[in-house]
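All values below were derived from every heavy atom in this structure, side-chain atoms included, with hydrogens, water molecules and symmetry-related copies excluded. Residue numbers count from 1 along this sequence.
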Amino acid sequence: MSTEPLIFHIDVNSAFLSWESADRLRQNPEDLDLRTIASAVGGDAQSRHGIVLAKSMPAKDYGITTGEPIAQALRKCPGLTVVPARFDIYLEYSRRLMDLLSDYTPDIEQFSIDEAFLDMTSTIHLFGSPLDTANLIRERVWQELKFTVNIGIAPNKLLAKMASDFKKPNLCHTLFAHEIKTKMWPLPIGELFFVGHSARQKMESIGIHTIGQLAACDVKYLKHLLGEKYAVLIHGYACGIDSSPVAHREPANKGYGNSTTLSKDVEDMETARYILLSLSETVGARLRRDHVMCDCVCVEIKDWDFHTQTHQTTLNSPTDSTSVIYEHACRLLEEFWDRTPLRLLGVRTTKISDEGYMQMNLFESEQSRKIKEMEKAVDHIRSKFGTDSVKRASFLQKDRMVDHAAGKEKHMRK
């Protein structure tokens with residue numbers, strides 16, 4: 001049995017469009033395969049509203065990009081076929097993919113609706129070589145589910161994800177330690193995971209244009225440019241370093257979360273903290289309402305180019321406190337956000353336990369206890385007189401971007 005870590009990253013090629021095509025052909029084998037023509041999922045072609053959620057390879061040849069307005073895409077390609085999104089169908093195809101992948105290892109982390117990490121370290125000996133096994137999975141997906149995937153093979157999650165982004169579609173790629181120099185280091189700096197538009201511009205301004213140049217740079221110079229924690233993180237990534245485990249994601253009903261799409265892009269930490277506080281208000285209130293506590297806090301961001309990133313931390317002790325959740329959420333965002341303008345912010349808590357079974361924290365301060373009692377008192381007032389009966393002073397300004405309790409109608413109802 002192998003003792004060296006072995007991680008696969010599975011990435012569906014043009015997921016929504018692939019699943020849309022597969023489902024249409026399943027219902028009518030004579031139907032036109034959207035993947036063979038210039039086509040896109042999302043928006044409304046007649047009203048020219050909405051954005052491109054996924055596009056075909058022929059559409060890509062016209063310069064159409066994911067996230068751009070439908071009207072702009074139609075100007076590039078007047079003959080573009082646009083179909084509306086059907087998320088219920090896409091969720092079903094995602095579930096089928098995860099079921100198939102579970103044949104190869106029990107250690108699966110669904111990273112998004114169309115991505116997953118597989119820890120193959122303890123099961124690869126059952127199937128053959130890593131590349132042969134990845135090709136077997138890729139071929140099974142096509143034969144049984146009728147869509148294609150790219151698979152990255154590497155000793156950690158970062159390198160596996162980078163490898164799956166190599167040449168597409170329907171291919172498997174390796175990125176082992178001895179291949180980093182030739183396969184990853186020549187790539188533009190913007191292709192490194194977690195490097196957004198803002199960080200790329202800052203690094204290019206000092207002559208760092210490739211991942212290899214970032215790896216060769218003394219991290220102390222990067223700290224002044226990008227901030228200490230983020231600089232250490234991406235410098236490690238450039239060197240191929242990532243120790244994060246493949247972690248099972250809790251189902252939605254095993255966690256408490258909230259997110260908000262922003263009315264305008266957010267670029268500064270002060271505004272981002274303001275939004276995190278609003279999100280933490282509803283998440284904390286729901287935990288206390290259900291008499292449960294969380295042991296893990298996760299922050300999700302989506303930037304102006306529709307790239308999604310998440311970062312999470314395990315707490316020293318379980319909590320249901322809005323203040324504690326907010327404090328950790330701010331710290332997480334500070335660590336991994338490179339100030340690329342944000343379109344969405346989310347806070348999620350997992351590893352949920354019944355508060356009746358939680359051990360008392362002997363090191364809890366008097367101030368912490370007072371804050372918890374205050375939060376419970378606020379919950380009681382809001383439940384009796386309405387959510388808007390008590391607000392933090394910072395949410396009284398007229399031009400606020402979010403309500404004092406984001407999504408309160410959905411997230412704080414009984």
Under 3.5 Å donor-acceptor, D119 side chain and I7 backbone: no

Exceeds 12 heavy-atom contacts within 6.0 angstrom, atom CZ of F193: yes

Within-4.5 Å side-chain heavy-atom neighbours: T105 and F8: no

Non-hydrogen side-chain atoms of M162 and I211 separated by less than 4.5 Å: yes

Polar side chain donor-acceptor pair, E20 to Y90, under 3.5 angstrom: yes

Evaluation steps, side-chain contact (heavy atoms from CB on, under 4.5 Å), between L34 and V83: CA-CA 9 Å; L34 294 172; V83 298; 4.2 Å; yes

Short side-chain donor-acceptor distance under 3.5 Å, E139 and N135: no

Salt-bridge contact K202-D338 (side-chain N to carboxylate O under 4.0 Å): no

Backbone N/O of F16 and side chain of D114: donor-acceptor pair under 3.5 Å: no

Nearest non-hydrogen partners of T340 and S198, listed with the distance: OG1-N, 3.1 Å

Lys/Arg N to Asp/Glu carboxylate O, R95 vs E92, below 4.0 Å: yes

Nearest atoms (heavy-atom pairs only) where R35 meets S56: O-CB, 4.1 Å

Heavy-atom side-chain proximity of L6 to F176 below 4.5 angstrom: yes

Side chains of N13 and T148, donor plus acceptor under 3.5 Å: yes

Ion pair check, R96 and D99, cut-off under 4.0 Å: no

Pair T313-R331, side-chain donor/acceptor within less than 3.5 Å: yes

Under 3.5 Å donor-acceptor, H235 side chain and A215 backbone: yes

Distance-only donor-acceptor check, side chains K55 and S14, under 3.5 Å: no

Closest approach of V195 to M203 (non-hydrogen atoms, all atoms of both residues): CG1-CE, 3.9 Å

Close side-chain approach of L333 and M269, heavy atoms under 4.5 Å: yes

Y256 and its side-chain hydrogen bond (donor to acceptor under 3.5 Å, both in side chains) partner, picked from T282, T350, T349, D290: D290

Closest non-hydrogen atom pair between I37 and L32, with its separation: CD1-CD2, 3.6 Å

Note, F111 side chain near K157 side chain (heavy atom, < 4.5 Å): no

Parallel, tilted or perpendicular: rings of F194 and H311 (30°, 60°): perpendicular

Within-4.5 Å side-chain heavy-atom neighbours: E334 and R273: yes

Pair R288-T322, side-chain donor/acceptor within less than 3.5 Å: yes

Check ion pair R343-D303 (N to O, under 4.0 angstrom): no

Sidechain-backbone polar pair: Q72 side chain, P69 backbone, donor-acceptor under 3.5 Å: no

Heavy-atom pair of closest approach, residues Y230 and G196: OH-N, 4.2 Å

Residue that, paired with D11, satisfies salt bridge (Lys or Arg N to Asp or Glu O under 4.0 Å) out of R138, K168, K161: K168

Heavy-atom closest contact (L97 atom, V12 atom, distance): CD2-CG2, 3.6 Å

Within-4.5 Å side-chain heavy-atom neighbours: L25 and K146: no

Backbone of A163 reached by a side-chain donor or acceptor of H9 within 3.5 Å: no

W337 six-ring centre to R339 NZ/CZ under 6.0 Å and within 45° of normal: yes

Flag for E179-T174: side-chain donor and acceptor within less than 3.5 Å: yes

E68 side-chain N/O to T65 backbone N/O, donor-acceptor pair under 3.5 Å: yes

Heavy atoms of other groups near K181 NZ, more than 12 under 6.0 Å: no

T121 and D107, any side-chain heavy atoms less than 4.5 Å apart: no

